[in-house]
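Nothing fancy with the numbering, it's 1 onward along the sequence. Here the structure is a predicted model, which means the values were calculated and not measured.
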Amino acid sequence: VLGVLLGGAYLVLADRVYRLDTVVTSADEEQEFSLGGLSGALGAAAGLGGGLFSGAGTANEGIALLHSKSIAAELIADNNLLPIFFDDDWNSEEEMWAVPESKVPTIPDGIEFFHDEVLRVKRDRELEVVIVSILWTDRELASRLAIEMVDRVNQKMRERAVLEATRNLDFLNEELSKSQNIESAKVISELMQQNLNKAAMANARREYAFRVIDPPIIPNIDQHVRPSAPVVALSSIILGIICALGLSEAVRSTRNQETA
């Protein structure tokens, strides 16, 4: 009975945690311009290193960025999430921290909390999708963050693609000016066009690394993932059994002492 009562109290009093998922797929197939073949041709024609312009899938880099501290730090700072993550230390009425300055949560604290308690990233290789999940008590905030995480990664990847293409073009322009070989000049020109295309695509395509195929839908208030009624029920039963065994042992011990 005690276990059931404690379990029921926990279900009533515990914060409801909701899970909001953004399901994405790689945008590589639509916008990836692989430079590996041309790079090899350029290396053969002009003696350049073939690895300089080798194409790399943006999906893997995008997944790494989802786990990165830089994206988390920007998200936390721009959305002022520290008072939300560490609400026990925050005085909402006075809008100031209620702890000594030495104990005020910092961005690194927020990053650790975000990665441990809030963010989940799962890659389903069979379905070829990535599921970006946010676990939080505020359903609307969780939905917004689940979308914003993907948007931030796409933005960061676009910026990197434009910067990389610009650097490649600078290098290729220099090589073209030094080239004395018609074949080399042709390959360099093709590489330049590839990089121009890549920069143009990065500037034009909002979903550069990931394409959202299933945005988060705000769940009903009773559709929380924590506390889980089945888990709490099982825990209550186990606790009840432990308490019953402990009580039984205590009664038996008392009777033995009385008989002695």
Side-chain angles (χ1 to χ4, degrees), residues 3-24 62-63 65-124 129-155 210 212-239:
V4 173
L5 290 175
L6 290 175
Y10 177 76
L11 281 175
V12 172
L13 299 175
D15 290 334
R16 268 56 176 163
V17 176
Y18 300 89
R19 178 175 186 142
L20 279 296
D21 298 332
T22 298
V23 182
V24 301
I63 292 173
L65 275 174
L66 285 170
H67 291 284
S68 71
K69 294 180 180 179
S70 61
I71 292 291
E74 292 173 3
L75 186 80
I76 292 167
D78 291 348
N79 290 280
N80 194 27
L81 295 178
L82 287 181
I84 298 174
F85 287 168
F86 304 99
D87 59 323
D88 289 342
D89 299 332
W90 178 254
N91 186 328
S92 56
E93 293 182 359
E94 299 183 10
E95 295 188 349
M96 60 183 295
W97 292 106
V99 293
E101 186 176 352
S102 60
K103 295 186 178 180
V104 170
T106 62
I107 290 294
D109 294 328
I111 293 172
E112 182 178 0
F113 181 87
F114 181 69
H115 284 157
D116 290 346
E117 304 293 337
V118 181
L119 176 68
R120 299 289 184 272
V121 179
K122 178 182 177 182
R123 185 172 190 174
D124 190 321
V129 298
V130 177
I131 304 171
V132 182
S133 303
I134 296 293
L135 299 169
W136 196 242
T137 55
D138 186 329
R139 294 169 292 163
E140 294 185 358
L141 176 61
S143 175
R144 179 160 55 85
L145 295 181
I147 295 172
E148 190 173 335
M149 279 293 293
V150 176
D151 288 344
R152 286 179 178 271
V153 168
N154 278 327
Q155 175 64 25
F210 295 123
V212 177
I213 59 175
D214 192 6
I217 297 176
I218 296 178
N220 295 329
I221 195 168
D222 61 339
Q223 294 177 313
H224 48 80
V225 294
R226 293 200 306 258
S228 169
V231 172
V232 172
L234 179 61
S235 302
S236 300
I237 292 172
I238 294 174
L239 179 61

Y18 side chain to I221 backbone, donor-acceptor under 3.5 Å:
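Yes; judged by distance alone, with no hydrogens or angles, the pair exists.
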
Given side chains that start at C-beta, do those of [X] and [Y] come closer than 4.5 Å, heavy atoms only?
{"X": "S143", "Y": "I134", "answer": "no"}
{"X": "T22", "Y": "M149", "answer": "no"}
{"X": "L145", "Y": "W136", "answer": "no"}
{"X": "L135", "Y": "V118", "answer": "no"}
{"X": "I131", "Y": "V121", "answer": "no"}

List the atom pairs, donor and acceptor, that lie under 3.5 Å between side-chain atoms in residues 81-90 and the rest of the protein, sequence neighbours left out.
none

Partner residues of [X] under the side chain to side chain donor-acceptor pair (under 3.5 Å) criterion, sequence neighbours left out:
{"X": "S70", "answer": "S68"}
{"X": "S133", "answer": "R19, D21"}
{"X": "Q155", "answer": "R158, E159"}

Pairs flagged by side chain to side chain donor-acceptor pair (under 3.5 Å) wherever residues 111-123 is involved - sequence neighbours left out
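Of all non-adjacent pairs touching residues 111-123, those that pass side chain to side chain donor-acceptor pair (under 3.5 Å) are N60-R123.
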
Throw together a table of side-chain donor-acceptor distances under 3.5 angstrom for residues 91-104, partners on residues two or more places apart or in other chains.
{"unit_1": "N91", "atom_1": "OD1", "unit_2": "E93", "atom_2": "N", "d": "3.1"}
{"unit_1": "N91", "atom_1": "OD1", "unit_2": "E94", "atom_2": "N", "d": "3.1"}

Interatomic spacing from CG in L65 to CG in N154 - rounded to 0.5 Å:
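Answer for the CG-CG pair, L65 versus N154, is 10.0 Å.
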
Straight-line distance of I217 CD1 to Q223 CD, nearest 0.5 Å:
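Rounded to the nearest 0.5 Å, the CD1-CD separation comes out at 10.0 Å.
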
Suppose the criterion is salt bridge (charged side-chain N to carboxylate O under 4.0 Å, His left out): which pairs have a residue in residues 137-153, not counting sequence neighbours?
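Listed once each, the pairs are E74-R152, D78-R152, E148-R152, D151-R206.
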
Around atom CD1 of I213, are there more than 12 heavy atoms of other residues, nucleotides or ligands at under 6.0 Å?
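Counting other residues, nucleotides and ligands, CD1 of I213 exceeds 12 neighbours.
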
Residue list, side-chain contact (heavy atoms from CB on, under 4.5 Å) with A73, at least two apart or on another chain
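Expected list: I107, I111.
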
Pick one: which of L66, V132, V23 meets side chain to side chain contact (heavy atoms under 4.5 Å, CB included) with F210?
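Result for side chain to side chain contact (heavy atoms under 4.5 Å, CB included) with F210: L66.
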
